[in-house]
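For reference, the structure is listed below as structure tokens.
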2 protein chains.
Amino acid sequence: MIDTWITQLRKGLLEYCVLTVLARGESYGYEIVAELSRFEEFSVTESTIYPILARLRQEKYLKVRDVPSGLGPTRRYFSLTAIGKVRLAEMNNHLHKIDTAISHLKSPPRKDTGHESDT
Amino acid sequence: MIDTWITQLRKGLLEYCVLTVLARGESYGYEIVAELSRFEEFSVTESTIYPILARLRQEKYLKVRDVPSGLGPTRRYFSLTAIGKVRLAEMNNHLHKIDTAISHLKSPPRKDTGHESDT
DNA sequence: TAGTGCTACCTCGCGATGCGAAGTAGCATC
DNA sequence: GATGCTACTTCGCATCGCGAGGTAGCACTA
């Protein structure tokens, strides 16, 4: 099942996406869901995003600001903390390395040309 | 924990890596472990790879060829089947889309310039 | 014969996550 | 008062990565 694979592939990646969206400025759960869902590959529901936000907040990567919107329940705005930004930078770095590694996997560094001697 | 994140991020990705390695030619579990472990980001053990190989085989993405190596236990060579190649192509396609989506997430397509009219 | 070490394979069980399903609640419209 | 949108929250299942542990063939050594 390719769907299953996609679900698995999202693990961890969605956390990164949430941080990436918040790097552009504060936002709240419902809006993040809408923003990510603009991309078919990141189509999500609240049951996916809210636990992520709660976790990131608990880990101190996000801070919260409750804002009563005169149009429905109070909005809970999230924004990156200092260590949240560091975390995102680390993630970017790691993803870049993965990208590089995959490129190498596709075209191996010619482990054997048939004959060679030194290191 | 960044380690936890990395573990989560690997989900699905390692399956892709295995297929990518096999796209270069047949190989066996122990060798695939060594090959992937050349990259720190993909450092794995047998307990990670063998279940993946078993799953991919069961899904008919891989076929098997047992070859008694006169140097230890019989090697179980895996290689891509026709649908395995299709699967890999789909994965490449999906990963490319994800890449694109992430780029857009980082720099949003200017959702509002202050004024615009049409649909 | 017994011990160590490398190759090579397989399985169990835990922890973390994504996500469908379901629930709560404020405001608006019909 | 019923429907519908906004907005947040929790439960429970399925999947996967991976440490720990096990089996087995061959080689070398004492």
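On a predicted model such as this, the values are computed, not experimentally measured, just so you know. Numbers restart at 1 for each chain; the letters A, B, ... are given by sequence-line order, proteins then strands.
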Between [N] atom [atom2] and [X] atom [atom1], what is the distance in whole Å?
X	N	atom1	atom2	value
A:F78	D:dT9	CZ	C1'	11 Å
B:L53	D:dG17	CG	P	11 Å
A:I32	C:dC19	CD1	P	15 Å
A:I49	D:dT6	CD1	P	17 Å
A:I6	D:dT15	CD1	C1'	14 Å
B:R75	C:dC10	CZ	P	14 Å
B:Y28	C:dC6	OH	C1'	12 Å
A:E46	D:dC11	CD	P	17 Å

Exercise. Mapping B:Y77 and B:Q8 onto DNA chain C by nearest heavy atom, which one lands closer to the 5' end?
Worked result: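 The answer here is B:Y77.
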
Taking OP1 and OP2 of [N], is either one under 4.0 Å from a side-chain nitrogen or oxygen of [X]?
X	N	result
B:Y50	C:dT11	no
A:R76	D:dC8	no
A:R10	C:dC19	yes

Problem set entry | Under-4.0 Å salt bridge between B:R76 and B:E26 | no

For this session: Considering only NZ, NE, NH1 and NH2 on the basic side and carboxylate oxygens on the acidic side, decide whether A:R55 and A:E15 come within less than 4.0 Å.
Result: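 Yes, this pair counts.
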
Nearest-nucleotide pick for [X], side chain only, options being [options]:
X	options	value
B:V44	D:dC18, D:dC16, C:dC9	D:dC18
B:R55	D:dC18, D:dA7, D:dC16	D:dC16
A:K11	C:dC19, D:dG17, C:dG18	C:dG18
B:T7	C:dG18, D:dC18, D:dC16	D:dC18
B:Y30	C:dT7, D:dC8, D:dT15	C:dT7
A:T45	D:dG17, C:dC19, D:dT9	C:dC19

Exercise. For A:Y77, is the NZ or CZ atom of A:R65 found under 6.0 angstrom from the centre of its six-membered ring and inside 45 degrees of the ring axis?
Worked result: yes

Exercise. Is a donor on one side and an acceptor on the other found under 3.5 Å between the side chain of A:R24 and the backbone of B:L105?
Worked result: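 Checked: pair present.
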
Exercise. Is there a donor-acceptor contact under 3.5 Å from the side chain of B:T74 to the main chain of B:D66?
Worked result: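 Checked: no pair found.
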
For this session: Give one of base, sugar-phosphate or nothing for B:S47, where a contact means two heavy atoms less than 4.0 Å apart.
Result: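 B:S47: base contact, heavy atoms under 4.0 Å.
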
Exercise. Touch check for B:T48, heavy atoms < 4.0 angstrom, all strands: base, sugar-phosphate only, or nothing?
Worked result: base

For this session: Following the transitive rule for hydrophobic clusters with a side-chain heavy-atom cut-off under 4.5 Å over Ile, Leu, Val, Met, Phe, Trp and Tyr, establish whether A:I83 and A:L62 coincide in one cluster.
Result: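 In one cluster with A:I83: A:L62, yes.
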
Problem set entry | Position toward the 5' end of DNA chain D (nearest nucleotide), B:G72 or A:G29 | A:G29

